[in-house]
Participant: 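Just passing along the structure, written as structure tokens.
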Number of protein chains: 2
Amino acid sequence: MTTAQDTQRETTQSGEAHAVPNPSAVGLVAVIVAATDGEPRALTVEVEGQAAGRARGLPAGPLVPEHPTLERGLRAWVERQTHQRLGYVEQLYTFGDRDRQGDESAGLHSLSVAYLALVREVRPAGLAEASWRNWYGYLPWEDWRAGRPAILDDIEARLLAWAASPADPKQSRRRQDRLALTFGLCGGAWNEERVLERYELLFEAGLIPEAHGQSGAACPTDIATTGEPMAFDHRRVLATAIGRLRGKIKYRPVVFELMPPTFTLFQLQRTVEALSGTNLHKQNFRRLVAQQGLVEETDGVTSGATGRPARLVRFRREVLLERPAPGFRLRASRRPA
Amino acid sequence: MTTAQDTQRETTQSGEAHAVPNPSAVGLVAVIVAATDGEPRALTVEVEGQAAGRARGLPAGPLVPEHPTLERGLRAWVERQTHQRLGYVEQLYTFGDRDRQGDESAGLHSLSVAYLALVREVRPAGLAEASWRNWYGYLPWEDWRAGRPAILDDIEARLLAWAASPADPKQSRRRQDRLALTFGLCGGAWNEERVLERYELLFEAGLIPEAHGQSGAACPTDIATTGEPMAFDHRRVLATAIGRLRGKIKYRPVVFELMPPTFTLFQLQRTVEALSGTNLHKQNFRRLVAQQGLVEETDGVTSGATGRPARLVRFRREVLLERPAPGFRLRASRRPA
DNA sequence: GGCACAATGCTCATATTGAGCATAAGTGAG
DNA sequence: CTCACTTATGCTCAATATGAGCATTGTGCC
């Protein structure tokens with residue numbers, strides 16, 4: 001940035017000149033994503049204050065005056081808690097709901113500014129408290145790579161019951177529409193980007209333990225069906241991140257942030273599939289990548305593994321300049337696996 | 001929402017239990033968009049604290065404890081300042097850079113959570129201090145509907161000079177690459193979604209008065225070229241909103257939030273063109289809308305105007321349920337107008 | 001009626017997809 | 001060494017989608 005601005009010295013964003021008339025506590029949260037061995041992983045940490053005991057959380061910490069920017073503050077917290085350096089970082093969403101944050105008592109707001117980060121390698125998690133987890137452990141219904149997940153039978157049955165429960169037929173109808181939209185029930189189609197909407201629906205329907213008190217006793221489903229819980233509202237943040245990432249890989253070449261310097265086209269495909277939770281047609285995928293000019297060949301080939309060796313390629317950084325908006329326009333294969 | 005959560009009562013997002021250890025001032029800002037007579041408009045208000053005097057700003061106000069959620073707080077501020085009720089609202093971005101907000105003195109952060117709102121009708125702005133402004137008055141280089149804006153000649157010359165100025169050839173090269181990417185110079189293509197990147201580049205290059213002190217004296221360009229200034233960093237917020245909206249209309253049917261209950265296909269096209277700043281091929285546009293099933297015919301037709309009367313149509317809300325991700329995959333017509 | 005003007009209908013060449021067949025080039029078993 | 005197996009890679013083909021333009025249809029206005 002160039003020049004300091006003194007125009008605004010004496011005024012806040014709102015145009016008022018008081019000294020912090022209504023302070024809020026601002027937290028920073030990070031969803032740090034990697035993909036190794038064809039599995040999508042998020043970096044999690046131990047959470048001490050959590051009554052549930054075993055639920056893990058995302059790297060997070062409060063914004064303090066020492067942080068020059070939000071993003072720098074986030075990087076500092078992540079490095080401190082996980083010893084992981086971040087490369088690609090983008091802002092995700094700012095969460096501020098009173099009822100979800102659970103901070104209504106103090107009479108002031110507590111916001112969480114969430115970020116999405118993509119990292120290349122999974123170092124074996126420098127700290128014992130930090131570890132990489134397959135994100136589908138938290139949202140198992142999102143993984144359609146081996147076809148429709150069986151747990152969806154159970155989930156759908158409960159959701160339909162939830163939709164049918166209101167006395168008011170109009171409200172019942174509205175709930176059914178939402179089911180169709182998000183879970184593809186009643187003739188709707190499954191859209192892999194609606195991760196957050198699905199999680200929120202499950203939350204409202206009472207199938208998410210985090211929605212009930214700390215005991216989780218009121219929750220009628222088990223973890224095998226609705227996934228492992230997370231501390232605070234971090235599963236919601238994770239769902240937001242996955243949805244955003246699934247959308248973004250279709251029009252920006254962000255997947256390459258997850259790849260090593262050289263890789264095979266099939267590894268790339270596996271990574272995209274891991275993120276999107278669907279399967280792609282192999283030949284068409286390589287055609288797409290080729291014609292978009294996203295990669296260039298190296299002279300290396302794979303070895304050791306079974307099957308014909310594959311050529312190693314690398315990301316062509318030049319496409320960022322050439323094409324107006326490169327990325328994958330991926331479309332799931334119709335065949336179930 | 002269903003149940004209150006007491007799990008988190010005693011902890012903040014970060015897992016610490018202090019009472020607001022590091023407070024921040026949080027502001028809410030709204031970019032409220034309407035499209036009337038084929039022009040894109042944003043709702044602006046008078047800003048009192050602004051030394052520059054005439055620069056207007058976006059509706060904004062601090063987040064206070066009385067606000068149940070961020071979005072509700074935003075709606076309250078907007079209604080108070082502009083008498084405009086909001087329908088469609090989505091979160092845009094949270095701005096928190098020290099150097100841009102100009103609040104480093106106090107030793108605490110001041111964030112702005114920005115929202116994008118789309119409204120149907122332009123009521124003649126209930127309050128005198130609030131008025132609708134064509135958004136291209138603030139970002140004139142973004143309007144390509146009548147072909148490439150002439151002012152870009154001037155802008156490009158200055159940007160090229162800026163890129164050439166560093167002694168370090170590497171840095172110079174990097175600047176040129178950015179120019180190619182954002183402004184389509186040096187063989188690059190113009191991408192109408194990169195509104196924010198273009199504004200930021202101009203800001204860095206010193207062509208935006210807001211980047212210099214309150215006088216604007218150091219700014220080598222005039223308003224006719226680089227657009228009318230706004231208070232604070234609100235032009236950056238506006239640029240963010242336009243970029244987001246231009247992207248979103250391609251895959252979600254959000255334009256209809258700007259349309260009256262019934263409208264003609266050409267009015268719809270004019271609105272899309274106004275937002276995207278480009279021209280579309282008329283026949284292909286209607287084919288697209290038709291085959292996506294986005295609208296249904298009414299039995300009304302236009303009258304009074306010259307030319308053959310047009311059929312009035314309405315938005316088919318059902319598509320939200322049917323199609324996985326409806327929207328316009330608009331592509332600019334090649335011919336310059 | 002004849003014009004100007006916009007709405008609407010239709011054609012056509014060219015990409016872009018979705019799906020699958022065929023072949024190539026390795027590994028390991030016998 | 002040859003076969004079975006596995007994965008990589010090349011290529012075809014039909015179905016759609018897209019970009020561009022021509023033709024026709026209704027209206028208000030002289």
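Chain A is the first sequence line, chain B the second, and so forth, proteins listed ahead of strands; every chain is numbered from 1.
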Participant: Between atom CD in A:Gln283 and atom P in C:dT17, what is the gap in whole Å?
Facilitator: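 In whole Å, C:dT17 P lies 16 Å from A:Gln283 CD.
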Participant: Looking at every heavy atom in both A:Arg314 and A:Thr298, which two are closest together, and how far apart are they?
Facilitator: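 Heavy-atom minimum between the residues: NH2-CG2, 3.6 Å.
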Participant: Students often get this wrong, so: under 4.0 angstrom with heavy atoms, is B:Arg287 touching a base, only sugar-phosphate, or nothing?
Facilitator: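 Contact class for B:Arg287: base.
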Participant: Would you please test B:Leu294 and B:Arg316 for side chain to side chain contact (heavy atoms under 4.5 Å, CB included) and show each step?
Facilitator: CA-CA 6 Å; B:Leu294 291 169; B:Arg316 279 187 66 234; over 6 Å; no
Participant: Between A:Trp141 and A:Thr225, which heavy-atom pair has the shortest distance, and what is it?
Facilitator: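 Shortest heavy-atom separation between A:Trp141 and A:Thr225 comes out as CE3-O, 4.1 Å.
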Participant: Between A:Ala310 and A:Asn284, which is nearer to the 5' end of DNA chain D once each is assigned its nearest nucleotide?
Facilitator: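 Looking at DNA chain D, the more 5' nearest nucleotide goes with A:Ala310.
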Participant: Just the rounded figure in Å: distance from C1' of D:dG10 to CZ of A:Arg311.
Facilitator: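 It is 15 Å, rounded to the nearest whole Å.
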Participant: How many angstroms lie between OG1 in A:Thr262 and CZ in A:Phe315, if you round to the nearest 0.5 Å?
Facilitator: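 So the gap between those two atoms works out to 14.5 Å.
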Participant: D:dA8 C1' sits how many Å from A:Phe263 CZ, rounded?
Facilitator: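 Spelled out: CZ on A:Phe263 to C1' on D:dA8 is 16 Å.
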Participant: In whole angstrom, give the distance that lies between atom CG of A:Leu288 and atom C1' of C:dT16.
Facilitator: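 It is 10 Å, rounded to the nearest whole Å.
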Participant: Determine the sole option in B:Leu118, B:Val89, B:Val33 for which the side-chain contact (heavy atoms from CB on, under 4.5 Å) test with B:Glu257 is passed.
Facilitator: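 Testing B:Glu257 for a side-chain contact (heavy atoms from CB on, under 4.5 Å) against B:Leu118, B:Val89, B:Val33 leaves exactly one candidate, B:Leu118.
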Participant: Please report, rounded to the nearest Å, how far the P atom of C:dT17 is from the CZ atom of A:Phe285.
Facilitator: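 Whole-Å distance recorded here is 14 Å.
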Participant: For D:dA8, does either OP1 or OP2 sit under 4.0 Å from a side-chain N or O belonging to A:Lys282?
Facilitator: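 For D:dA8, OP1 or OP2 has a side-chain N or O of A:Lys282 closer than 4.0 Å.
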Participant: Which whole-number value in Å describes the distance from A:Leu280 CG to C:dG18 C1'?
Facilitator: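 These atoms are roughly 12 Å apart.
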Participant: Rounded to whole angstrom units, what separation is found between the CD atom of A:Gln269 and the P atom of C:dG18?
Facilitator: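 Going from A:Gln269 (CD) to C:dG18 (P), I get 13 Å.
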Participant: Check whether any side-chain N or O of B:Gln291 sits under 4.0 Å from OP1 or OP2 of D:dT18, and answer yes or no.
Facilitator: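 B:Gln291 to D:dT18 OP1/OP2: side-chain N or O found under 4.0 Å.
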Participant: What string of B, S and - do you get for nucleotides 25-30 of chain D 5' to 3' if you count protein non-hydrogen atoms under 4.0 Å?
Facilitator: BBS---
Participant: Can you tell me how far CD of A:Gln267 sits from CG of A:Leu258, rounded to the nearest 0.5 angstrom?
Facilitator: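 So the CG of A:Leu258 and the CD of A:Gln267 are separated by 13.0 Å.
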Participant: Roughly how many Å is it from CG in B:Leu265 to P in C:dT8, rounded to a whole number?
Facilitator: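 Answer to the nearest Å: 6 Å.
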Participant: Could you pull out all residues at least two apart from A:Glu90 that satisfy side chain to side chain donor-acceptor pair (under 3.5 Å)?
Facilitator: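 Side chain to side chain donor-acceptor pair (under 3.5 Å) check on A:Glu90 returns A:Tyr88, A:Arg244, A:Lys248.
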Participant: Considering only side-chain heavy atoms of A:Arg286, which listed nucleotide, D:dA23, C:dA19, D:dT9, is closest?
Facilitator: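 Nearest nucleotide to the side chain: D:dT9.
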